[in-house]
Amino acid sequence: MENKFINDVYFYCSKIPRGKISTYGEIARAMGTKAYRQVGQALKRNPYAPKVPCHRVVKSSGDIGGFSGSDLKNIKKKISILKEEGVDVKNGKIVDFEKRLFRIS
DNA sequence: CGCTTGACACCGT
DNA sequence: AACGGTGCCAAGC
């Protein structure tokens, strides 16, 4: 683990249980930093594709955010996965966001 | 070593 | 509610 920051992102991400979600800011905060954007960068790289459920991370506003870039195609894919996980998405927004939000210790 | 970039967040208009 | 500008912090070049 050369990059502590990025590694931590993956760590916290993998902690998110199925059917729940978390936000970039929440993860950053849990890490003790405010580099929200770096969290996103890390997930975009995501070398641990299946191991780290990067699709369970969304924006604090309840928006989906991005997925493998900001392309609409990928966003759709992300929503699809979330729905399969049991998270409803409406108009690119998480349904019952506060409820689905997984708060990190 | 300094400037640009970015899967964000927050606040004002 | 939608849009835009500003702040934040690490990674890339």
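So that the names make sense, note that chain A is the first sequence line, chain B the second, and so on, each numbered from 1. Quick note: numbers below take in every heavy atom, side chains included, and nothing from hydrogens, waters or symmetry partners.
- Of the options A/D8, A/I6, A/V9, a side chain to side chain contact (heavy atoms under 4.5 Å, CB included) to A/V39 is made by A/V9 and by none of the others.
- Atom CG in A/D63 sits about 12 Å away from atom P in C/dA1, given to the nearest Å.
- Per the geometry, NZ belonging to A/K59 stands 15 Å off C1' belonging to C/dC8, to the nearest Å.
- Considering only side-chain atoms of A/N3, the nucleotide from B/dA9, C/dA11, B/dA7 that sits closest is C/dA11.
- Relative ring orientation between A/F67 and A/H55 is described as perpendicular, the plane-to-plane angle rising above 60° on a 0-90° scale split at 30° and 60°.
- Across all strands, A/R45 comes closer than 4.0 Å only to sugar-phosphate atoms, never to a base (heavy-atom distances).
- Atom NZ in A/K34 sits about 24 Å away from atom P in B/dG6, given to the nearest Å.
- Nearest-nucleotide positions on DNA chain C place A/Y36 closer to the 5' end than the other of A/Q41 and A/Y36.
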Which pairs of donor and acceptor atoms, one on a side chain in residues 24-34 of chain A, lie under 3.5 Å apart (sequence neighbours left out)?
unit_1: A/Y24; atom_1: OH; unit_2: A/V57; atom_2: O; d: 3.4
unit_1: A/E26; atom_1: OE1; unit_2: A/R29; atom_2: NH2; d: 3.4
unit_1: A/E26; atom_1: OE2; unit_2: A/R29; atom_2: NH2; d: 2.6
unit_1: A/T33; atom_1: OG1; unit_2: A/A35; atom_2: N; d: 3.2

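- Note that NZ of A/K73 and OG of A/S68 are 13.0 Å apart. Values are rounded to the nearest 0.5 Å.
- Nearer the 5' end of DNA chain B, as judged by each residue's closest nucleotide, is the contact made by A/Q38, out of A/Q38 and A/T23.
- Regarding A/K77, its NZ atom lies at a distance of 17 Å from the C1' atom of B/dA7, rounded to whole Å.
- When the P atom of B/dA7 is taken as reference, atom CD1 of A/I81 falls 18 Å away, rounded to whole Å.
- Note: NZ (A/K93) to C1' (C/dA2) measures 10 Å, nearest angstrom.
- Checking A/T23, A/I16, A/I21 one by one against A/F102, the side chain to side chain contact (heavy atoms under 4.5 Å, CB included) holds for a single residue, A/I16.
- If you check every strand for non-hydrogen atoms under 4.0 Å, A/Y24 touches a base.
- With rounding to whole Å, A/D71 atom CG is found 12 Å from B/dG6 atom P.
- In this structure, A/T33 does not reach the C/dC9 phosphate: none of its side-chain N or O atoms is under 4.0 Å from OP1 or OP2.
- Contact annotation: A/S70 side-chain N/O to B/dG6 OP1/OP2 distance is not under 4.0 Å.
- Counting non-hydrogen atoms under 4.0 angstrom, A/K44 reaches a base of the nucleic acid.
- Rounded to whole angstrom, the span from the CE atom of A/M31 across to the C1' atom of C/dA11 amounts to 13 Å.
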